[in-house]
Structures are given as structure tokens and as C-alpha cells.
Enquirer: 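Structure incoming, see below.
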Amino acid sequence: MVVYNFKKIAAVPTAGDMVDIVLTRTQRKTPTVVHPGYKISRIRSFYMRKVKFTQQTIQERLGGIVEDFPRLNDIHPFYADLMNILYDRDHYKLALGQINTAKGLIDSLARDYIRLLKYGDSLYRCKQLKRAALGRMCTIIKRQKAAFAYLEEVRKHLSRLPALDPHTRTLLVTGYPNVGKSSFMNKVTRANVDVQPYAFTTKSLFVGHMDHRYLRWQVIDTPGILDHPLEQRNTIEMQSVTALAHLQCAVLYFIDISEQCGFTVAQQVGLFKSIKPLFANKQLVIVVNKVDQQPFETLDPEKKAMVEELGKSSNCELMTMSNVTEEGVMDVKSRACDKLLQARVDQRVVGKKVNDVMNRLQVFQPQARDGEVREAFIPDSVREAKARGEIGSKDHKPKMGRGGYAVTTDDVNGDVNMERRKTERDIMWEMGGPGVYSMDYRKNYLLNNDDYKFDVIPEIMDGKNIADFVDPDIELKLAALEEEEDARIAEKEAAGMGEEEESDLDSDEEAAVKAIREKKAILRQKKQDNRKNTAVMPRSVRGRKKDKHDNAMLDKNNVKKTLESLGVEADGIVERGRERGRKRSRKDADEDGMDVEPVDTSGMSNKELKRHKREEKSKERRSVSIARSHSKVREPSQQGLKDDAMKKVATKKDMLSKRRFEGMSGEGDQRKTVHLVKWMNTGKKRNGTHNKR
Amino acid sequence: MSHLALPPFPHPAKLRTTPQHEHMERHRKLHGRRMDAEERERKKEARSVHKKAQFAQKVTGIRAKLYNEKRFKEKAAMRKTIAEHNERGNKHANDDAVADGAVPAYLLDREGVSRAKVLSNTVKQKRKEKAGKWDVPIPKVKPVADDEMFKVLKTGTKRNKAWKRMVTKVTFVGDNYTRKAPKYERFIRPTGLRFKKAHITHPELKATFHLDIIGVKKNPSSTLYTNLGVITKGTVIEVNVSDLGLVTTSGKVVWGKFAQVTNNPELDGCINGVLLV
């Protein structure tokens, strides 16, 4: 089924905008930098691309417009005719045709210019050709200014047309202006059509929807029509005529018998007769409207006869109705719907397709094999309820349980004798409300024997019943044991009453012990307070060195104070510490070891003095060499190195070899750079031959 | 493009039918507008000038170019209309004003007439006639050098011969032209640059027609070019004007007429010219 939705047509830009759109797109989407130094083939392709791209863009845009707008030959004749009336078929086709032609012209133009560009021998010439090409394309677009403007207006109007399905079940309301068509529409649907007390309030077709017999119906409100020849009808009336001519629907012809619309009954009957050909093959209902103003029975007999004759001659029904009192509105609606539905079904049955459906529908009635009556099974409870009138009747509304809520007048006035099932909720409220009472689900268990319902369910673990492993006397035994324990404790307490432990310390010593214990407790506490959440390295591992850093601890006054507070004689210790802290020098060692007397040089001759000095010097040197003569084990890394200089060089080399490349992003950067990259440094270096350098 | 004989496109907004979904109008009809709607509109209109000026200052790039071009045109149009309106109120100097007071007798008949203009017109006319037949719209053209006109084509197996030339400008080649054998073909006129039609403007009718070219009468740069049928700016070509329905004084239908090319066809991709009448 084709769905007529004209809302999706894209907006048509004005000619000026179209030129801007096309040219900016070319500017944005094609390369913009070109130099006279480039190879001529490159320059040519640069400009060819621009021309081609512009042509493609225009083709897309214009093609989109031509595609978007509906083709009058393809759409439902109702829409084709409506568009003809509203927008003029010739103009519509001409506009689309012109745009299509423009598209073709631009294509051939682009082809010509691309051919010319192939012979372009300089950047200037190529550029001029491109300029000429784009200019001529834009000129062609600009010539379509009027067509663009027209199509945009058509699009706007078209998108606001009601979404009317020409194939579905439809009621169509027609008649003279101001006879109550729109009011009827507002009564049966929610379309909310404007109703005013002057003619031609409704200027176009309006669509509303309603439900009848669980089906969706559309109701079309048409502008009023006057009784004159087709050629003289204006656009507004022609819309009604189009709808009447092309839609398969039930027609409601409205006649205002009160003549308040300004047209006499005779005129309205005349109109009916003149547009009668349009009612052929349609389900027609003549609606005599405004009977609140002028009841049909008391109508002037002449007019009455005229109207009745109308009904008879056209073989259709005559119904009376009033929008004000809503009298007959629903009857008219349902009658028209039923007639149309019947007609549609009949049409289907006549047609060929019906066989396919009929083959699928089969109703079987099994043959009776005996005289036994097999009726539908109705439970007794339902039967009883029906007898009481609780269910089954049309107006039945089940009584709702209102347990738990405040009593209302409904409950009081309600059926006192109402036998309502007692629900769990009621029980809950009887037993004290939520939180106090909780429902026992066990009573609803479905078991073979109702006695089982409240039985305790054994607890099973690893396929064994736990209860089997429980000593039935365990409670008793436990009680006996506890009793015995209590007795023993009581006995012991009675025995030790009034006695204390002996201590062999005197009072002073006891005080000291107490003090020490207190102090220990304090220290422990302090340590716990200072403790950080780190592993403590034992002294055996960390050595004394660490402690030495704490000068305060090693300060002799502190040491003395601490030790004395502990009751230790500290003087000797401090002295010993001082001695040990003093450095030992070679001279000390000499003094300690061999006592060398200083030689008195005062009485020496010059010669002797010189000799003495020489001896002294050599002695000194020897002392150094003696020290070196002790074999000193060197580190493995320094073995085989002659002297300090060599060692220094070796160390430096070692350090350099160990130093790693560290990239910009830290030690994790493992990049290896290459000093000379081949592709960057070989080949020609003319303009535009490389992307990177 | 063929235009059918139809009136201009109707404006559907003028149709008195309003479709079902005109929400804005419906809302206005139901609820009216706000009390200060007109005032707001007036103010918006008054402010729009400043808004536009601000935007014109702010906008950059291609949008700025386009916008300012549009704005310039609008302003120019506005200035023109203002000037037109002012025209009515302006006071003009009266050319043929009669001098105040007494005028000598020999000056009386000269009043208000500018003889000088008449004289100059006649002189011009005479000069024009003298100038002869070939007084054309573009009397002087820049000569086209051979190396600009021709591209040297290398031939021979080793590509060492250079006697062949290719024309790089637009040419006209007759219908019945057949190329010579490659050995003897010195000048090549590429098919892509051959033109058969030209846009010729009739200077008196002020109308342009797309006419067939019959031949190249003269290329001012060189006779060689004329023989080759090269069309450059200033070239005189013969065009088929039979569609125009021109007749000679004796009543014969004119079908061939000369026209001068006014543009550079190789740059514009088309030939534009003026009919020589």
C-alpha cells in the first residue's frame, strides 16, 4: 500500500542559495593549493577535479529535487487532481522539467570544459577555463530562480496537506456552505475543525479519525459547494469535487432544513441533483440537519415532499440529525459506516481474491456419535455466582475488597449481605495488621493428604537427615555437665577464701619491681604509639651505623643521664666511650710501639745535618712503601689496571657503556633513532614531489 | 530551453486555501497574540540594522566574503533608490536658460542651442564613413607569437625531430576537412579545440544568438593563422545568420555575415562576438 506522506520532501533552496551551496561545497571539499611550478598534468587534474566536483554536486542537488517531488502520473488520481487544482499541473510539470533540463545542460557543459581543460597549457589558462565553467553552471542555476521559488512554495503547502489515505474506510461530508458539515465532523472525531457562522469557513479538506466496530475510519470534511457549472467553480469548491470524484467512500449529503445557511431547501435539492453523477457507486446518506430548529415532521409539506422524493429517487436513506442537541448524530455515523462496510465486503466477495481467503476459512461440526449431550463445562462456583447476580450480567461490577482502608460510605451503603471471599489481606487486618501478622503459606500447599501441610520438613545435608545424627539426650547431658562445673567452681572459691600469695621480697624491692613494671608498660605503650606500618629491620641486619646518626643518643650527657636514671654507675662507661671515639694515627702507633727519641740537631755540622735530613726523608718514603708492601686485595673490576689514570679511564668507559638511551618519555622510551633515513634523503627534491622532508 | 506559453508561476501562498496543519495561524486564531507583539516586532525591525552590522564585523572567511558582497549590493540598490527619490526635489541647471537683460541681436538666434554638439556629431559621422569597411569593434589586438600559438611535437623513433606543430588555440575546421598523412601533416589542430558555433551579439537588436561558423575571414596576427582557421581575440569570422531573417535592400535573404570575436576563446571555452553591420 502506498503511503502518501509529502512531509519528507527536502526544502528547495532559492537560486542564490543554491549557487552558494554548490560553490562553497566545491571550495570545502576539493584541494585549494596549486602552484605554477607543478607539472602541467597535475595542474590540469586539479582544475578538472573542481569542475567535475561542482557538476556532481549540482547533479545531486537538482536530482534530489526532481526525485523528491511526487510524479503526478504515479500517485493516486485523487492526489494528482488535488495537486492540479492547487498548484496547476502544467506549471508543476514545467518547473520539474526545467530543473531536469538544467541538470542535463550542466552535465554536457562540464563535459565540454573538461575536454578543453585537457588542452590547457598553463595554470592561468586552466584557471580561466575552470572559472568560466563554474560561472556558466551558476548562470544556468540562476535562470531557474522562478522554478525554485515555485517548488519551495509547493513543498510547503504539500507538506501541510492532511495525511489522507485514499484506500481506507472513509466517510465524506458534503453539502452547501454552512449546513453543519464541520460541526458534524467535530462531533464524531477529534479533528477540531474551525466552525464559524459564515460561509466557506472550511477552505480546504480536513481529515479526522474515529473508531467504529473496532475499525479505524477517516472522516473527510470538505468545503461547501455551490450550485453552478464545473467551469465556474473556484479552487475551494474544486477540492470538494475532487474528493467526491476519486475517493471510494460513504457520502453524507447534508441538507439544512431550517434554511439558516442562507440557501433554500429547493436550492439544496437542486445542488444534489446537479452533482448526482459524482455519487455513483458510493454509499449515500442524505442527512437532514438542524432538526432542533425545524423538526422534519413540521416542515412545510411541499419542501418535505421534495426532500423525501430526493431520497426515493436516488434510492438512499434519509436521516434526521441535529448537531446542537446531538440527536441522531451517532445514528447517522453508524448507519453510514455500516453501509460502507457492507459494500466493501460485498465488493471483496465478488472479486477474485476472495477465493484465496475463503479456502483458508473452514468451520467443521463433528457428527454426533451418540445421544449424549456434551455441553461446555461451567464450574459450580461460577454457576452460583451467576445465580446470585455477581457475574455475567452486563452491568456487573465486581465488588472490590476494601480491607485495610478506612470505611467509606460506599462500604456502609453497599450490599450488606455481600458474601465476599475472605482474602489474606482481611485476615492480616484481623490479626493485627502488617508487621504483626505474617501469612502462613503452608496452608495453601497442594499435597496428597492435607494433614501433611504443617509437617516439619527434615533438613537434609549430603543426602543424610541431620536429625538422625542428633543425640536425643544431648540437652540433658549438657545440663548435667554444666551443673557439675558450677559445683566445682563454688567448691574452689570456698577453699581459697581470705588467702593471698606469699612473696619473699621486702617492701622496697616490691616498690622497685612495681616501678619497673610500670615503666615497661609505659615504654611498650610508647613504642606502640610510635610504631609505623613498616617492617622493622633488626639490628643484626641494619648494624649499629644507623643508630650512630642519632647524635643525641650518643651524646655523653644523654648517655650518662639515661644510664643513671636506670641506676647504673655511668662515669666509667662515658670515659671508655671517649677513649674509643678518639682516632688512632700512625704517630700514635709509633708512640705506642717503639719509642723513638727525637734526634737533637742543634750540634750537627752542615754535612751531618744534610745527611740527617736525607735519612729522615727516605725513612718517610720507606714507611709509605712498607705500608704498600702489604698485599692489598683489589676489587675484581680493578685487577689488571696499572695506575689511577688507567683506572679512571676504565671506570669512565664502564659508566658510559652502562648508560642507556633515555627517550623523551622517560626510561620506558625504547625508541631507536636512525640518523639517516633513506627515503627522506634520496631522490629528487623538486616542488611537490615529497610529502615530508 | 523551451518555455511554454504560460503565465509566470502562481504563488501558492496566494491561494485562499489554508491546509489543515497551519499550527501557527490556528494558535493565533484561538489564543490571539501577546499584547506587545506589534511593539516587539517594530523594535526587532529597528534593531535588525545594528544586528546586521555587528554580524558583518564579526563574520570571517568565505562567509564574510559572500555576506559582504550581498550587503554591498543591497546598500548600492538602496542608495540608488534614495537618489531616485531625491531626483524629484533636486534643482537642475537649466541648459537653455535665457540670459538676463539685453542681448545683442547677433546672439539672439543662438539661445539655448548648443551648436558645438551638432558639429562634433557630424564630424564624427564623417570620420566614421572615411574609416571604411573594416572599422571593427576591436581595432587593435595584441599579436600572438608563434611559440605561444604552437607547441612543438617531437617525432621520429628517437624523438629528435621537431618539425611538427600543434595549435594550442581554438580553431575552426570545415566540415569536409580530411587530415593529411602524418608524414605531411605539419600543423595539427586538435579535435578538442575545434569549435563550430559562436555566440554572436547583434549590436542594434542587443540580442545574442548561437550561430554556426562558416569560416575564418581574417586573423589579425598572421595570415598563417587565418589559413589554419585559428580563432583568437579580434579575429573576424563569417557566421550563418539565416535564422535571423535579415534581408538585403534588394530583398534577398542574407545568410552569411562577418562578426568579430571579442573574447579569448581558449580561456573562456566559448566564442563570443559582435556582428559587423
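Treat the numbers as computed from the prediction; the structure is a model and nothing was measured. The sequence lines fix the lettering, A, B, ..., with proteins before strands; numbering per chain opens at 1. Atom set for the values below is all heavy atoms of this structure, side chains included, hydrogens, waters and symmetry mates excluded.
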Enquirer: Looking at B:Lys151, B:Met166, B:Glu266, B:His23, which one has more heavy-atom pairs under 4.5 Å with chain A than the rest?
Expert: B:Glu266
Enquirer: Looking only at heavy atoms and a cut-off of under 4.5 Å, which of A:Thr202, A:Asn192, A:Val193, A:Asp112 has the most pairs with chain B?
Expert: A:Asn192
Enquirer: Testing A:Tyr92, A:Tyr87, A:Tyr150 for ring pair (Phe, Tyr, Trp, His ring centres under 6.0 Å) with A:His157, which one passes?
Expert: A:Tyr87
Enquirer: So for B:Leu66, is it side chain, backbone, both, or neither that comes closer than 4.5 Å to the heavy atoms of chain A?
Expert: side chain
Enquirer: Do A:Asp221 and A:Ser182 pair up side chain to side chain, a donor and an acceptor below 3.5 Å, judged on atom types alone?
Expert: yes
Enquirer: What are the residues of residues 16-33 of chain A, in order of number, with any heavy atom under 4.5 angstrom from a heavy atom of chain B?
Expert: A:Asp20, A:Thr24
Enquirer: Less than 3.5 Å apart, any donor N or O on the side chain of A:Gln196 or A:Asp194 sitting next to an acceptor on the other?
Expert: yes
Enquirer: Would you call the rings of B:Phe187 and B:Phe150 parallel, tilted or perpendicular, taking 30° and 60° as the class edges?
Expert: tilted
Enquirer: Anything in residues 26-34 of chain B with a heavy-atom distance to chain A below 4.5 Å? Please list those residues in order.
Expert: B:Arg26, B:Lys29
Enquirer: For B:Phe209, enumerate each residue passing the ring-ring contact (aromatic ring centres under 6.0 Å, His included) test, keeping only those at least two apart in sequence or located in another chain.
Expert: none
Enquirer: Over all heavy atoms of both residues, which pair between A:Glu152 and A:Val12 is shortest? Give the atoms and the distance, please.
Expert: OE1-N, 2.8 Å
Enquirer: Using a 3.5 Å distance criterion without hydrogens, assess whether the side chain of B:Asn219 forms a donor-acceptor pair with backbone atoms of B:Thr235.
Expert: no
Enquirer: For A:Tyr79 and A:Asn84, test the side chains for any donor-to-acceptor distance below 3.5 angstrom and give the result as yes or no.
Expert: no
Enquirer: Are the aromatic ring centres of B:Phe55 and B:Tyr67 under 6.0 angstrom apart?
Expert: yes
Enquirer: Which residues in residues 117-130 of chain A have any heavy atom lying under 4.5 Å from a heavy atom of chain B?
Expert: A:Tyr119, A:Asp121, A:Tyr124, A:Arg125, A:Gln128, A:Leu129
